[in-house]
Amino acid sequence: GSIGRSTLEVVEAHPGRFEVVALVAGRRMERLAEQVRRFRPRAVAVSTEQVADDLRRRLGAQAPEIRIGSRGAAEVTVGTGAEVVIAGIVGAAGLVPTLAAVSAGLVVGLANKEALVVAGELMVRAARDSGAHLLPVDSEHNAIHQCLRAGERGEVRRLILTASGGPFRGRDREQLTTVTRRAALAHPTWQMGPKITIDSATLMNKGLEVIEAHWLFGLSPQTIDVVVHPQSVVHSMVEFRDGSVIAQLGRADMKHPIQYALTWPERWESAGERLDLLAMPALEFESPDTEVFRCLDLAYRVLAEGGDAPARLNAANEVAVEAFLDGRIGFLQIPEVIEGVLGALPPGNVNELEEVLDADRRARREAMRIVNEEMAG
């Protein structure tokens with residue numbers, strides 16, 4: 001995926017300073033085979049045994065140890081001597097290997113926000129018990145992490161997460177009734193995978209980031225604000241109680257936060273493009289339109305509810321986004337699916353991993369029922 005490729009670009013920009021010991025991929029075996037030849041990891045994990053057979057045929061005698069599925073991803077994460085893990089598996093599928101890395105006490109560069117969304121309490125507890133360091137790779141949380149180095153946590157008044165607004169910023173609901181998959185995937189500033197791009201278009205991505213920020217930085221939802229900043233130059237800000245606002249600015253290039261996570265607490269020469277202040281556009285800020293883009297408010301709602309509500313929201317959203325990408329529901333029906341799932345299922349606890357996984361399964365089943373029965377046709 002894009003996070004993995006960007007990480008390997010950062011590694012290549014610093015020859016002799018990193019060793020790649022494991023790679024995890026889904027189904028892009030031609031690309032993975034090329035990466036294995038170049039970086040020679042000790043082990044890889046792929047989605048299925050069939051995919052593993054494909055990789056073995058491509059690599060022959062060069063094939064490393066191959067593990068299967070999310071459990072396999074967890075095994076290669078903690079069983080290959082890794083010191084730093086970049087967790088970039090999209091969606092709830094990344095939960096098990098990410099939690100394994102945290103439980104093992106590793107430095108975890110967290111590009112998978114869903115792991116904290118669905119199991120924030122478990123992740124934070126595991127990090128506290130193991131001594132793991134959670135370093136955010138999402139550009140917004142990475143910016144907050146950097147800004148917080150300017151003061152003490154007790155001096156923070158609020159966090160300000162910036163949002164690009166996505167491709168439909170300024171549109172009303174009527175204009176969004178017939179938007180196409182292609183239009184929703186045309187993000188104005190970031191090149192990302194389809195799922196996160198749709199989340200950006202609905203503002204669900206920002207809602208998930210609010211939940212993630214709560215767990216990462218230990219602040220209440222009332223102290224985490226969102227502003228729309230279409231230029232995507234200011235990646236986020238921290239306001240301190242003395243009125244000072246510290247902002248982190250940079251190019252819209254994921255190699256910057258990835259390198260920050262890989263080299264923290266040091267700063268190395270940049271592997272990405274630098275920001276040219278003289279060529280920078282005027283910077284705009286505005287409030288998000290939560291009447292049109294309802295997913296952001298849904299995220300605040302489940303964060304206040306607690307328990308397994310964030311896990312149910314995340315699972316319902318993943319099903320709804322996939323249904324939109326497949327042409328089975330419209331863009332505005334994504335939050336309707338999520339609301340339906342939240343209203344249909346009773347709240348539960350998430351004290352153990354199995355409870356999280358059960359909430360995820362139940363929410364997916366209900367979301368698929370809503371898509372197939374209530375929204376069919």
Side-chain angles (χ1 to χ4, degrees), residues 1-12 14 17-116 118-119 122-123 126-127 129-137 193 254 258-259 261-263 353-354 356-357 360:
S2 61
I3 293 294
R5 295 197 306 276
S6 294
T7 301
L8 294 177
E9 289 177 26
V10 173
V11 167
E12 286 192 306
H14 300 283
R17 305 189 77 172
F18 296 108
E19 177 191 0
V20 177
V21 296
L23 294 171
V24 178
R27 298 182 178 277
R28 298 187 179 111
M29 289 304 100
E30 182 177 354
R31 179 181 293 160
L32 179 60
E34 191 277 328
Q35 292 169 344
V36 169
R37 295 186 190 102
R38 185 185 306 176
F39 295 98
R40 299 189 177 279
R42 300 169 193 172
V44 300
V46 297
S47 56
T48 66
E49 189 63 53
Q50 183 179 4
V51 172
D53 290 340
D54 180 14
L55 184 63
R56 292 187 186 99
R57 285 193 296 270
R58 292 176 185 273
L59 290 172
Q62 291 182 300
E65 178 184 356
I66 301 175
R67 299 295 180 94
I68 309 300
S70 62
R71 297 290 179 183
E75 290 164 0
V76 303
T77 296
V78 301
T80 51
E83 297 171 317
V84 181
V85 174
I86 300 297
I89 300 174
V90 174
L95 171 59
V96 170
T98 303
L99 184 57
V102 173
S103 299
L106 304 180
V107 176
V108 180
L110 194 64
N112 174 307
K113 64 176 62 66
E114 290 87 355
L116 272 180
V118 304
L122 295 183
M123 294 279 289
D129 292 345
S130 70
H133 292 286
L134 284 175
L135 299 176
V137 170
M254 287 303 298
I258 289 170
Q259 178 167 311
L262 287 174
T263 66
L353 177 59
E354 188 50 46
V356 176
L357 298 177
D360 179 84

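Note that the structure is a prediction, hence the values are computed from the model and not measured. The residues of the chain are indexed from 1 along the displayed sequence.
- Residues A74 and A100 share a closest heavy-atom pair of CB-CB, 3.8 Å.
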* Report the C-alpha distance between T263 and V10 in whole Å, list the side-chain angles of each, state the deciding distance to 0.1 Å, and finish with yes or no for side chain to side chain contact (heavy atoms under 4.5 Å, CB included). => CA-CA 10 Å; T263 66; V10 173; over 6 Å; no

* Give the C-alpha distance, both sets of side-chain angles, the deciding distance and a yes or no for side chain to side chain contact (heavy atoms under 4.5 Å, CB included) between L8 and L23. => CA-CA 10 Å; L8 294 177; L23 294 171; 4.2 Å; yes

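- Annotation for R37: atom CZ counts as buried by contact number, over 12 foreign heavy atoms lying within 6.0 Å.
- Here the closest heavy-atom approach between residue P64 and residue V44 is recorded as CG-CG1, 4.0 Å.
- A donor-acceptor distance shorter than 3.5 angstrom exists from the side chain of S130 to the backbone of V102, with no hydrogens or angles considered.
- Legend: residues meeting side-chain hydrogen bond (donor to acceptor under 3.5 Å, both in side chains) with E83, ordered by chain and number and at least two apart, are absent.
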Compile the donor-acceptor pairs under 3.5 Å between side chains in residues 52-60 and protein atoms, sequence neighbours left out, one pair per line.
residue	atom	partner	partner atom	Å
D53	OD1	R56	NH1	2.8
D54	OD1	R58	NE	3.1
R56	NH1	E49	OE2	3.1

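- The two atoms that bring V24 and A73 nearest to each other are CG1-CB, 3.9 Å, heavy atoms only.
- Distance CD/E19 to CZ/R42: 4.5 Å, rounded to 0.5 Å.
- The side-chain contact (heavy atoms from CB on, under 4.5 Å) search around V51 returns R27, M29, V46, S47, T48, not counting sequence neighbours.
- If you take CG on L134 and CG on L116, they are separated by 6.0 Å, rounding to the nearest 0.5 Å.
- Under the salt bridge (charged side-chain N to carboxylate O under 4.0 Å, His left out) criterion, E354 pairs with R361, sequence neighbours left out.
- In this structure, the side-chain contact (heavy atoms from CB on, under 4.5 Å) partners of A87, at least two apart in sequence or on a different chain, are T98, V108, L110.
- Sorted by first and then second residue, the side-chain hydrogen bond (donor to acceptor under 3.5 Å, both in side chains) pairs with a member in residues 68-81 read R67-E75; sequence neighbours excluded.
- For E34, the side-chain hydrogen bond (donor to acceptor under 3.5 Å, both in side chains) partners two or more places apart in sequence, or in a different chain, are R38.
- Residue pairs meeting the salt bridge (Lys or Arg N to Asp or Glu O under 4.0 Å) criterion with at least one member in residues 93-113, sequence neighbours excluded, are K113-D138.
- To the nearest 0.5 Å, the span separating CD on Q62 from CZ on R40 amounts to 5.5 Å.
- Of all heavy-atom pairs between A261 and G109, the closest is CB-CA, 4.2 Å.
- The closest side-chain heavy-atom distance from P97 to I89 is below 4.5 Å.
- For residues 18-71, the set of pairs meeting the ring-ring contact (aromatic ring centres under 6.0 Å, His included) definition, not counting sequence neighbours, comprises F18-W268.
- Smallest separation of non-hydrogen atoms from A101 and V85: CB-CG2, 4.1 Å.
- Residues that satisfy the side-chain contact (heavy atoms from CB on, under 4.5 Å) test with T7, not counting sequence neighbours, are I3, I86, I258, L262.
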